[in-house]
Amino acid sequence: MAGPGGSGAGGRGVVISDNWPGYSLDLFTYPQHYYGDLEYVLIPHGIIVDRTERLAKDIVQDIGDNDIVVLCVLKGGYKFCADLVEHIKNLSRNSERFISMKVDFVRLKSYHNVLIVEDIVGTGRTMKVLLNTIEKYKPKMIKVASLLVKRTSRPDGYRPDYYGFEIPDLFVVGYALDYNEHFRDLNHICVINDHGKAKYRV
Ligand code: HPA
Ligand code: MG
């Protein structure tokens with residue numbers, strides 16, 4: 001992989017391969033009510049935050065001179081969105097550019113530049129529907145940032161403009177991603193085990 005600052009460095013995000021064993025849960029802390037429900041840690045919270053900081057820098061470099069409206073795709077996107085916006089604000093504070101940023105959940109005006117923030121993109125079907133809807137408002141610019149992209153059986157699938165990690169085709173929870181509304185309070189991104197699936201099945 002190209003080093004930092006190289007042309008196109010990080011263009012595919014951090015690629016987590018199919019044979020990546022993850023980190024043992026014993027190496028980290030996590031809520032006691034999830035003991036026994038998880039297989040392993042796929043991405044520790046600190047790495048999520050560090051990678052998000054770099055995505056914020058890339059976004060500011062690309063669109064920093066424009067005012068942007070950040071559209072958070074609830075609910076799974078809220079942690080990533082909050083951290084990303086915080087990093088963008090910090091970058092803006094420490095530079096000569098001031099970026100006006102409004103976070104919105106529904107209302108859109110035609111003249112805005114829109115940054116859609118998602119937690120995870122799989123086949124991209126959901127994102128295409130959302131993009132079609134937002135294009136009707138004729139914004140000057142639409143960019144999509146997703147924390148995760150799942151490698152699905154469709155390699156020709158949709159790719160967001162910015163993403164943090166490309167992950168195997170696994171069901172993940174944590175950092176606001178849920179399984180039947182559970183695990184949003186877990187700060188690492190983890191793989192759920194059979195016990196966890198059975199416990200929280202609806
Ligand atoms: N975890 C949580 N929500 C999701 C996932 C996932 O792996 N894929 C699509 N929505
Ligand atoms: Mg989502």
Side-chain angles (χ1 to χ4, degrees), residues 12-25 28-52 55 70-85 103 105-106 115-134 142-202:
R12 288 185 65 214
V14 175
V15 178
I16 299 174
S17 66
D18 284 345
N19 58 13
W20 166 239
Y23 299 92
S24 164
L25 287 152
F28 301 97
T29 64
Y30 62 103
Q32 204 158 355
H33 52 270
Y34 295 136
Y35 285 11
D37 301 335
L38 299 165
E39 199 72 44
Y40 57 87
V41 175
L42 187 74
I43 314 171
H45 181 251
I47 296 179
I48 300 168
V49 173
D50 288 343
R51 177 72 187 127
T52 302
L55 289 177
V70 178
L71 267 192
C72 177
V73 181
L74 291 173
K75 300 175 196 175
Y78 90 87
K79 283 288 291 172
F80 176 50
C81 190
D83 286 348
L84 187 67
V85 165
V103 179
F105 293 102
V106 274
L115 178 68
I116 299 173
V117 180
E118 245 299 16
D119 51 351
I120 188 162
V121 169
T123 59
R125 224 174 299 138
T126 310
M127 186 51 69
K128 280 179 186 159
V129 172
L130 183 58
L131 281 170
N132 278 337
T133 307
I134 292 171
I142 309 178
K143 296 277 188 192
V144 177
S146 180
L147 178 63
L148 306 174
V149 170
K150 210 182 266 199
R151 269 194 305 280
T152 61
S153 49
R154 292 173 39 189
D156 59 330
Y158 169 81
R159 288 273 153 169
D161 300 291
Y162 307 93
Y163 58 98
F165 303 87
E166 183 194 287
I167 65 165
D169 196 359
L170 295 165
F171 193 83
V172 293
V173 292
Y175 194 71
L177 286 106
D178 75 303
Y179 172 71
N180 296 329
E181 298 298 323
H182 296 278
F183 299 99
R184 292 194 199 277
D185 56 335
L186 173 67
N187 62 355
H188 314 293
I189 291 177
C190 297
V191 177
I192 188 172
N193 67 15
D194 289 340
H195 184 266
K197 276 181 204 162
K199 184 169 160 188
Y200 296 109
R201 186 167 287 139
V202 284

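As the structure lists them, so they are numbered: ligands from 1, and atoms in each ligand from 1.
The backbone N or O of Ile16 sits less than 3.5 Å from a side-chain atom of Arg151, completing a donor-acceptor pair.
Taking every heavy atom of Leu177 and a limit of under 4.0 angstrom, the matching atoms of ligand 1 come to 1 (N), 2 (C). Near Lys150, the atoms of ligand 1 lying under 4.0 angstrom from a non-hydrogen atom of the residue are 5 (C), 6 (C), 7 (O), 8 (N). Atoms of ligand 1 found under 4.0 Å from any heavy atom of Leu170 (numbered from 1 in listed order, with element): 7 (O).
Aromatic ring orientation, Tyr34 versus Tyr200: perpendicular (interplanar angle above 60°, classes split at 30° and 60°).
Where the criterion is an N or O separation shorter than 3.5 Å, residue side chain and backbone included, Phe171 fails it with respect to ligand 1.
A side-chain donor-acceptor contact under 3.5 Å links His33 and Asp185.
By the neighbour-count criterion of 12 heavy atoms within 6.0 Å, atom CD of Gln32 is sparsely surrounded, having that number or fewer from other residues, nucleotides or ligands.
Residue-level proximity to ligand 1 for Asp178 is carried by the backbone, the only part with a heavy atom below 4.0 angstrom. If you look at Val172 next to ligand 1, the close heavy atoms, those under 4.0 Å, come from the backbone and the side chain alike.
By the 4.0 Å N-to-carboxylate-O rule, Glu39 lies too far from Lys197 to be salt-bridged with it.
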